[in-house]
Protein chains: 2
Amino acid sequence: MGVSIGEAAAQSGLPAKTIRYYEDIGLVRPLRSANGYRAFDGKNLQALEFLARARSLGFSIEECRELLAFQADAERASADVKRVAVEHLARIDAKIAELTAMRRSLADLAERCAGNETPDCAILRTLAGA
Amino acid sequence: MGVSIGEAAAQSGLPAKTIRYYEDIGLVRPLRSANGYRAFDGKNLQALEFLARARSLGFSIEECRELLAFQADAERASADVKRVAVEHLARIDAKIAELTAMRRSLADLAERCAGNETPDCAILRTLAGA
DNA sequence: ATGGTCTTTCCAGTCACTGGAAGGTCAAGG
DNA sequence: CCTTGACCTTCCAGTGACTGGAAAGACCAT
């Protein structure tokens with residue numbers, strides 16, 4: 001009953017190493033076959049696919065744990081789920097803003113650097129605080 | 001000759017812990033006073049400020065090391081510096097694109113989630129692969 | 001029996017710090 | 001002279017989320 005870790009990896013798109021790690025930290029709890037191999041049943045596979053999707057949206061492992069718990073709890077309010085998502089969205093927006101500011105400064109610097117064989121360089125001048 | 005690590009931290013804006021770490025990995029080489037305290041001279045302080053600026057632009061430690069070496073080498077070509085900057089810019093752009101895609105999916109999901117006391121939730125439905 | 005492809009566990013490394021423990025140094029105040 | 005408090009020192013461990021690799025066991029086909 002249940003597929004091997006290689007099969008689970010193929011079906012979820014997650015590396016086998018990652019799946020073992022998820023078991024280590026208690027995100028998924030496969031049974032064991034008589035030979036000691038992990039045996040993933042349908043619920044395990046659904047959890048792995050859930051995790052793959054949530055991770056690809058950038059949720060942290062702890063948020064994934066929380067979302068999985070919500071998923072398993074038929075009584076949860078959608079507001080609880082939405083809160084997690086909205087907080088994550090805010091973090092993403094902050095990160096995008098940070099990167100965009102970096103990008104602007106950096107593009108400006110790169111533009112002012114000749115990029116030729118001469119040693120003078122606006123990038124280094126600016127980093128040095130000129 | 002040279003200021004203490006606390007003074008160097010105040011002047012560069014870097015935490016003292018970070019400065020010690022930078023010494024560990026060879027980015028800065030302060031002298032030592034008779035009492036064993038680090039003594040940062042003008043060049044050390046300039047290097048720390050350089051590092052603080054480069055790190056705030058998102059350059060990796062190894063890139064910072066390379067940029068510092070360029071800074072110390074009067075013979076370098078500005079093209080070498082620009083190459084590092086342009087590669088970093090590409091990484092930033094890739095990251096922004098990734099986050100923007102996440103943001104789009106996530107905002108869409110959040111919008112379709114009522115966020116009230118009912119258990120039905122578009123976010124969980126999507127993560128579960130419905 | 002052999003080879004090849006799984007699988008297992010465990011340990012170490014990544015990146016750039018950050019926190020904390022245990023102890024040394026120094027200037028000021030009593 | 002002693003204490004207090006603010007510095008400073010080193011060293012060790014932890015962060016997040018894996019990833020790589022070693023050594024060994026399991027399974028299947030020839």
Side-chain angles (χ1 to χ4, degrees), chain A residues 1-40 44 47-48 50-68 87-88 91-92 95 98-99 102, chain B residues 1-40 44 47-48 50-68 87-88 91-92 95 98-99 102:
Chain A
M1 284 300 303
V3 301
S4 72
I5 195 167
E7 196 58 33
Q11 284 189 37
S12 66
L14 294 169
K17 275 260 173 188
T18 297
I19 296 176
R20 284 192 198 101
Y21 171 67
Y22 286 173
E23 184 188 13
D24 271 2
I25 62 174
L27 282 185
V28 71
R29 302 187 188 281
L31 296 174
R32 295 294 175 133
S33 303
N35 59 12
Y37 287 14
R38 288 169 183 81
F40 296 83
N44 293 148
L48 289 177
F50 186 102
L51 288 166
R53 288 195 195 91
R55 290 289 298 132
S56 81
L57 285 174
F59 286 107
S60 74
I61 290 288
E62 287 316 308
E63 284 167 335
C64 288
R65 197 189 298 278
E66 200 175 354
L67 291 172
L68 266 180
E87 283 173 13
H88 178 37
R91 274 210 323 279
I92 288 179
K95 192 76 190 166
E98 184 190 343
L99 287 172
M102 270 184 194
Chain B
M1 285 299 302
V3 302
S4 71
I5 197 169
E7 195 60 32
Q11 284 188 37
S12 65
L14 294 168
K17 277 260 175 190
T18 297
I19 297 176
R20 284 192 199 101
Y21 171 68
Y22 286 174
E23 185 188 13
D24 271 3
I25 62 174
L27 281 185
V28 71
R29 302 187 189 282
L31 296 174
R32 295 295 175 132
S33 302
N35 58 13
Y37 288 14
R38 288 169 183 81
F40 296 82
N44 293 147
L48 289 176
F50 185 103
L51 287 166
R53 288 194 196 92
R55 290 289 298 133
S56 81
L57 285 173
F59 286 108
S60 74
I61 290 288
E62 287 316 308
E63 284 167 335
C64 288
R65 196 189 298 279
E66 202 175 355
L67 291 172
L68 266 180
E87 283 173 14
H88 178 37
R91 275 209 322 280
I92 289 180
K95 193 76 190 167
E98 184 191 344
L99 287 172
M102 273 184 193

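Just the heavy atoms: all of them, side chains too, but no hydrogens, waters or symmetry mates, feed the values below.
In this structure, CD of Glu63(B) is placed 14 Å from C1' of dA16(C), rounded to the nearest angstrom. In this structure, NZ of Lys17(B) is placed 7 Å from C1' of dG20(C), rounded to the nearest angstrom. Between the CZ atom of Phe59(B) and the C1' atom of dC15(C) there is a distance of 17 Å, rounded to whole Å. Between Ile19(B) atom CD1 and dT18(C) atom C1' there is a gap of 14 Å when expressed in whole angstrom units. For the pair Tyr21(B) OH and dC11(D) P, the interatomic distance rounds to 17 Å; values are reported in whole Å. Between the OH atom of Tyr22(A) and the P atom of dC18(D) there is a distance of 4 Å, given to the nearest Å. Separating the CZ atom of Arg20(A) from the C1' atom of dA22(D) is a distance of 13 Å, rounded to the nearest angstrom. Rounded to whole Å, atom C1' of dT18(C) lies 14 Å from atom CD1 of Ile5(B).
When each of dT25(C), dA16(C), dC27(D) is scored by its nearest atom to the side-chain atoms of Ser60(B), the top-ranked nucleotide is dA16(C). When distances are taken from the side chain of Tyr37(A) to each of dG25(D), dT25(C), dC18(D), the shortest belongs to dG25(D).
Distance alone, capped at 3.5 Å, places no donor-acceptor pair between the His88(B) side chain and the Glu63(B) backbone. With Arg55(B) contributing its side chain and Cys64(B) its backbone, the two residues share no donor-acceptor pair below 3.5 Å.
The side chain of Arg32(A) places an N or O atom within less than 4.0 Å of a non-bridging phosphate oxygen (OP1 or OP2) of dT9(C).
Between Glu23(A) and Arg20(A), no side-chain nitrogen of the basic residue sits less than 4.0 Å from a carboxylate oxygen of the acidic one, so the salt-bridge criterion is not met.
Mapping Pro15(A) and Ala34(A) onto DNA chain D by nearest heavy atom places Pro15(A) at the nucleotide closer to the 5' end. Taking the nucleotide of DNA chain D with the nearest heavy atom to each of Thr18(A) and Asn35(A), the more 5' of the two is matched to Thr18(A).
Taken to the nearest 0.5 Å, the CD atom of Glu98(A) stands 11.0 Å off from the NZ atom of Lys95(B). Note that the OH atom of Tyr21(B) and the CG atom of Leu27(B) stand 8.0 Å from one another [nearest 0.5 Å].
Among the atoms of the strands shown, only primed sugar atoms or phosphate atoms (P, OP1, OP2) are found under 4.0 Å from some heavy atom of Arg38(B).
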